[in-house]
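One structure is given here, and the rest of the page talks about it.
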2 protein chains.
Amino acid sequence: MFHARGYDAVSVADLTAALGIKPPSFYAAFGSKAGLYSRVLERYSESGAIPFAALLRADRPVAVCLAEVLEEAARRYGASADAPGCLVVEGTRSNDPDAQAAACVHHDAAEALIHDYIAARFPEGADRITDFMDTVMAGLSAMARRGHGTERLMASAKMAGRALMREFSEDHA
Amino acid sequence: MFHARGYDAVSVADLTAALGIKPPSFYAAFGSKAGLYSRVLERYSESGAIPFAALLRADRPVAVCLAEVLEEAARRYGASADAPGCLVVEGTRSNDPDAQAAACVHHDAAEALIHDYIAARFPEGADRITDFMDTVMAGLSAMARRGHGTERLMASAKMAGRALMREFSEDHA
DNA sequence: CCTTTTTTGTATCAGTCACTACATTATCCC
DNA sequence: GGGATAATGTAGTGACTGATACAAAAAAGG
């Protein structure tokens, strides 16, 4: 439900109704609405999110791996129309401070993964390229939330991917 | 205030306090919270938003003009830290149906402007390129909201702009 | 100056938010 | 089966949401 409608748009009443439990049981189990969200984020990071560690390989060109991350984002963000976009990216935009902080933890971790991966071989462009990756992924998540399916997202992801290739081939030269 | 904190995060109480008026005067003047937001959007589209009509020129290369739109977005979205991102783009993400609809009107108009501009000279790629423009602009607005300044946004905008050049030069060949 | 109309402030509307005190029911251990 | 413990349902907390009824004050018109 958090993924489908966003943290702010889901009320505790919605959650308890969906779970078939009453508020006291909900708070006994999860502590708070943000507490449940934290656990959902954890689960999402383990299974539903982009597998950065597997995609960012040291034995392949940096630009290729980064482009594959973007394409995987397009695939996952547009996969299910009833849960569009990235749970983490969207969470960082919540109006609730606790939820936002929880989502930022995961986002910052993923961002650091990307940054370090680039920095290992192109330290001078790591900041710039990481920003670009962030921008495109935030954009893809937003477009998914607008209803765009995987095909349309993929076209934009591939375009951004080609921009990455270009960027790295220039750094090489 | 809508631009600074987002439609959902601003309450009528905030608005009446800031305006120095009481709720009845507020509703007499604007009809509703969404009514005021509509007028704010109107004003924003006339003065604060990206001047698409001026930027999308028929006497210059399509890719150059589109790249300039993205750079102008970077400039405006990151200009003031207390009102980051695009009021329209962010408005389309509101949880309030009325506010979202009002923002979508302006967003769709801008999108149509871009689409028609591209379609006039590159009909086969208009959909794809428009999606890419939307994606990057949504991403830039999101990054601005995360606190990135104009310089960082501009770097990503320029990268995306170079991707556009490449795309059009290939279509040419 | 007095009446009429408009604007404003006081106080509050019903509804929803996340969250909890309390009592009852179910479960477990012996 | 009986007593301690844990989980649950009932009901409601205060705070806030957007939006108003009503009356007092201000402005306009003669």
Side-chain angles (χ1 to χ4, degrees), chain A residues 1-45 82-83 85 87-107 145, chain B residues 1-45 82-83 85 87-107 145:
Chain A
M1 293 174 75
F2 286 138
H3 201 161
R5 316 212 309 258
Y7 180 86
D8 296 330
V10 177
S11 73
V12 172
D14 294 332
L15 294 168
T16 55
L19 290 168
I21 61 175
K22 305 295 173 179
S25 302
F26 176 85
Y27 284 95
F30 307 116
S32 69
K33 182 185 170 187
L36 171 58
Y37 185 60
S38 262
R39 294 180 54 166
V40 171
L41 279 173
E42 209 70 49
R43 193 186 205 80
Y44 178 77
S45 292
D82 53 322
L87 184 68
V88 173
V89 169
E90 299 302 313
T92 61
R93 303 174 61 84
S94 166
N95 286 318
D96 182 284
D98 292 342
Q100 188 174 357
C104 277
V105 168
H106 290 85
H107 172 82
R145 217 133 239 295
Chain B
M1 294 175 74
F2 286 139
H3 200 161
R5 317 210 309 256
Y7 181 86
D8 296 329
V10 178
S11 72
V12 173
D14 293 332
L15 294 168
T16 55
L19 291 168
I21 60 175
K22 305 295 172 180
S25 302
F26 177 85
Y27 283 96
F30 307 115
S32 68
K33 182 185 170 186
L36 171 58
Y37 185 61
S38 261
R39 293 180 54 166
V40 171
L41 279 173
E42 210 70 49
R43 193 185 205 80
Y44 178 79
S45 292
D82 53 323
L87 184 67
V88 173
V89 169
E90 299 302 313
T92 61
R93 303 174 60 83
S94 166
N95 285 318
D96 182 285
D98 292 342
Q100 188 174 355
C104 277
V105 168
H106 290 84
H107 173 82
R145 217 132 240 295

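Everything numeric in this text was worked out from a predicted model, so none of it was measured.
Between A:F2 and A:Y7, the two ring planes are parallel [angle under 30°; tilted spans 30° to 60°].
Under the salt bridge (charged side-chain N to carboxylate O under 4.0 Å, His left out) criterion, the residue pairs touching residues 10-25 of chain A are A:R5-A:D14, with sequence neighbours excluded.
Side-chain N or O atoms of B:D98 include none that pairs as donor or acceptor with a backbone N or O of B:A34 at under 3.5 Å. Without hydrogens or angle criteria, B:K33 side chain to B:L15 main chain gives no donor-acceptor distance under 3.5 Å. For B:S94 (side chain) and B:G91 (main-chain N/O), no donor-acceptor pair under 3.5 Å exists by modelled atom type.
Heavy-atom minimum distance, A:H106 versus A:S45: CD2-OG, 2.8 Å. Taking each heavy atom of A:A9 and B:N95 in turn, the nearest pair found is CB-OD1, 3.7 Å.
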With the sugar-phosphate defined as primed atoms, P, OP1 and OP2, and the base as all remaining atoms, what B/S/- string results for nucleotides 11-19 of chain D, 5' to 3', for protein heavy atoms under 4.0 Å? ------SSB
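One atom, NZ of A:K22, and another, C1' of C:dT24, lie 15 Å apart when rounded to the nearest Å. The nearest whole Å value for the distance from the CD1 atom in B:I21 to the P atom in C:dT10 is 14 Å.
A ring-centre distance under 6.0 Å is found for A:H3 and A:Y44.
The stretch residues 90-106 of chain B has no heavy atom under 4.0 angstrom from DNA chain C at all.
The side chain of A:S25 places an N or O atom within less than 4.0 Å of a non-bridging phosphate oxygen (OP1 or OP2) of D:dT8.
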